[in-house]
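The structure displayed is predicted, hence computed values, not measured ones.
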Amino acid sequence: MANMFPLSSEGQDPAELPDMNDPLIDHSEGQLFLNEAFKIIIEEVLCKGTDVKQKVCEWKEPEDLALLLDLELRAAGEPQQRLLQRVKDVAKYSIKTSHPRFFNQLFAGVDYHALAGRFLSEALNTNLYTYEVAPVFVLLETEVLRSLRQLVGWTEGDGIFCPGGSTSNMFAMNLARYRLFPEVKSQGLWAVPRLTIFTSAESHYSVKKGAAYLGIGTDNIVVVKVDEGGRIIPEDLEEKIELTKSQGAVPLLVSCTSGTTVRGAFDPLDRIADVCEKHNVWMHVDAAWGGSVLFSEQHRHLMKGVARANSVAWNPHKLLMAGLQCSALLLQDTTNLLKKCHSANATYLFQQDKCYDVNLDVGDKTVQCGRKDDCLKLWLMWKAVGSIGLAERVDKAFNLVRYLVEQMRKREGFHLLWEPEFLNVCFWFIPPSMRGKEGDADYQDRLANVAPVIKERMIKRGTMMVGYQPLGDKVNFFRMIVLSTLVSKEDMDFFLDEIERLGNDL
């Protein structure tokens, strides 16, 4: 691999060159280190880390890993070769989330155009709050947000990239409160009555965290019943809104989900919108996981009615593989609510007499000051493959899930808990020793232990990673997530074979 940072000074005026004898400006050594570190990253993370013949993880117990990494920070610097070994160790012993057999989370895989954008963003190291320090990124973010809103079905609106879907959800709550009670910004919680938020028991935990963080209170989250597929029942939502009104509370926000974390369920947005419009309640759609179905003509029907929402949270770092983190909050609002709610008008940043349109200074739309560029990677990837290419990724993932379920049904011992609506395949593996013994008194306790034991075995062998969890009255079950473009039918077959191999003796 050629040097990424050639150090030749040929043709330069010697007076313009830095003094490399200055211990505080040793650019040559730093550039050489970076060059060598990139070689390690490419080899260990991007070559080995995406090769099915390599392990997903090299598991170490915490105390052993701490010793191996030599974590101590010392007064004196360390030799470059030792630092390069640390880089190699970090790469080797980290989980290879780009590996085709990493099925553990709602993110996986790697897109190399997006990765180039991530590298470029880190190298440019700027703050996305004003046009003067981030002119390219301000324009990119504006265009990407506009394009995402168009997919939702809005020709106008607003938005901001946030540090994760949880923050996007919390921003929506804050905006909903400000819309009804703008005095809360200056007067605080004394200025508002008791507020209630409505969501299902299967929504993301950030709804609860947001209620606590914003001072609304977790006791004021009203849990709405779900149907057999994990979707909000609109009739129960309306009953509970009317009940809270009768108790003197103000219904603030309904948090719907498009792609719940465990089951992958899509709430019925059109019917929920009817209820929200009737009662003047802010409708927020947490589409962090499922939002990318909007690219697909085959599957966008899952979010029918989303254009009637007030706000949408969408994480392209999940199904689209833009890379962590990439989370957009999209708004239908055209009244500048985002800025009115969050602005502090810091005069050292947001002067009103600048030499350009100060509306391009987007930093006061967020509660953050420092804000990374999270849009370049998505923009570059979208430019490279187009909306058609992104739709194909979504459709491929659905096709692989269908294949997996078909193969699962042909094998004894695999028990689907629900018919997948999305890319979450939830199942129990029943070892041979437990088959036909569902009536035994200890059956549920034994079944609850199967997934944790298989998970421990797989990560210690490094063959693959898949998550498990309980839900309601269902004891521990596997949640298989399929999304990476690197995944093939052969990986689906391997997954089923490996579950059997690791669990048949239990």
Side-chain angles (χ1 to χ4, degrees), residues 157-158 162 165-226 232-258 267-287 305-313 329-343 365-367:
D158 203 352
C162 298
S166 293
T167 302
S168 296
N169 291 339
M170 292 181 196
F171 274 21
M173 295 181 201
N174 202 35
L175 292 167
R177 183 172 63 179
Y178 181 84
R179 181 187 67 158
L180 289 183
F181 304 102
E183 61 271 24
V184 71
K185 182 174 179 180
S186 56
Q187 298 175 29
L189 297 181
W190 296 103
V192 298
R194 177 182 164 225
L195 306 173
T196 51
I197 292 171
F198 302 82
T199 194
S200 82
E202 300 191 19
S203 65
H204 193 260
Y205 64 81
S206 59
V207 178
K208 181 180 288 188
K209 285 195 173 188
Y213 184 75
L214 294 170
I216 294 168
T218 57
D219 287 350
N220 292 312
I221 294 177
V222 180
V223 177
V224 183
K225 292 178 183 177
V226 296
I232 279 180
I233 299 174
E235 293 79 8
D236 188 61
L237 171 64
E238 179 150 32
E239 286 179 16
K240 285 178 174 166
I241 288 176
E242 289 174 345
L243 177 61
T244 58
K245 280 183 172 181
S246 71
Q247 295 169 339
V250 176
L252 176 67
L253 174 142
V254 174
S255 184
C256 322
T257 312
S258 288
D267 288 332
L269 302 183
D270 247 341
R271 295 171 61 203
I272 293 171
D274 291 339
V275 177
C276 290
E277 289 170 4
K278 178 179 176 180
H279 294 278
N280 190 32
V281 179
W282 184 288
M283 179 178 168
H284 174 65
V285 180
D286 176 0
V306 66
R308 298 173 67 186
N310 297 92
S311 55
V312 176
L329 174 66
L330 308 173
L331 300 170
Q332 189 173 178
D333 174 75
T334 57
T335 67
N336 215 15
L337 186 68
L338 196 56
K339 186 173 182 179
K340 291 174 183 176
C341 179
H342 292 150
S343 63
K365 292 183 178 183
T366 174
V367 298

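Side-chain contact check for Lys185 versus Cys341: every heavy-atom pair is 4.5 Å or farther apart. A 4.5 Å side-chain heavy-atom check between Leu180 and Trp282 finds every atom pair outside the cut-off. By the 4.5 Å heavy-atom criterion applied to side chains, Thr257 and Glu202 are not counted as neighbours. The shortest side-chain heavy-atom distance between Val306 and Val312 falls under the 4.5 Å cut-off. By the 4.5 Å heavy-atom criterion applied to side chains, Val254 and Val275 are not counted as neighbours. The shortest distance between side-chain heavy atoms of Leu195 and Phe181 falls below 4.5 Å. In this structure, Leu329 and Ser311 have side chains that are in contact, with non-hydrogen atoms separated by less than 4.5 Å. Looking at heavy atoms from C-beta onward, Met283 lies in side-chain contact with Asn310 at the 4.5 angstrom threshold.
With hydrogens and angles disregarded, a donor-acceptor distance shorter than 3.5 Å links the side chain of Lys240 to the backbone of Val223. Distance alone, capped at 3.5 Å, is enough to place a donor-acceptor pair between the Arg177 side chain and the Leu214 backbone. Without hydrogens or angle criteria, Lys340 side chain to Thr335 main chain gives a donor-acceptor distance under 3.5 Å.
For the atom pair CG of Asn174 and CG of Leu253, the computed distance is 11.0 Å after rounding to the nearest 0.5 Å. Remark: Thr199 OG1 to Leu237 CG distance equals 9.5 Å, nearest 0.5 Å. Atom CD1 of residue Ile272 and atom CD1 of residue Ile232 lie 4.5 Å apart, to the nearest 0.5 angstrom. Here OG1 of Thr244 is found 11.5 Å from CD1 of Ile197. Values are rounded to the nearest 0.5 Å. Here the straight-line distance linking atom SG of Cys256 with atom CZ of Arg271 works out to 12.0 Å at 0.5 Å rounding. Going from atom NZ of Lys365 over to atom OG of Ser343 covers 11.5 Å, rounded to the nearest 0.5 Å.
Look at Arg179 and Asp333 and you find no salt bridge, because none of the NZ, NE, NH1 or NH2 atoms lies under 4.0 Å from a carboxylate O. Taking the charged nitrogens against the carboxylate oxygens, Lys225 and Glu235 have no contact shorter than 4.0 Å, which rules out a salt bridge.
The distance between the ring centers of His342 and Tyr178 does not fall below 6.0 angstrom.
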| task | Decide yes or no on side-chain contact (heavy atoms from CB on, under 4.5 Å) for Val192 and Gln187, but give the supporting numbers first. | result | CA-CA 9 Å; Val192 298; Gln187 298 175 29; over 6 Å; no
| request: Go through Ile216 and Leu252 one step at a time and tell me if the side-chain contact (heavy atoms from CB on, under 4.5 Å) criterion holds. | output: CA-CA 10 Å; Ile216 294 168; Leu252 176 67; 3.8 Å; yes
| task | Step by step, work out the side-chain contact (heavy atoms from CB on, under 4.5 Å) result for Lys278 and Ile241. | result | CA-CA 11 Å; Lys278 178 179 176 180; Ile241 288 176; over 6 Å; no
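A pairwise comparison of heavy atoms in Gly157 and Thr334 identifies N-CG2, 3.9 Å as the closest pair. Closest of all the heavy-atom pairs between Val285 and Ser258 is CG1-OG, 3.5 Å. Closest heavy-atom contact between Ala313 and His284: N-CE1, 3.7 Å.
For the side-chain hydrogen bond (donor to acceptor under 3.5 Å, both in side chains) criterion with Ser206, the lone passing option out of Asn169, Asp286, Thr167 is Asn169.
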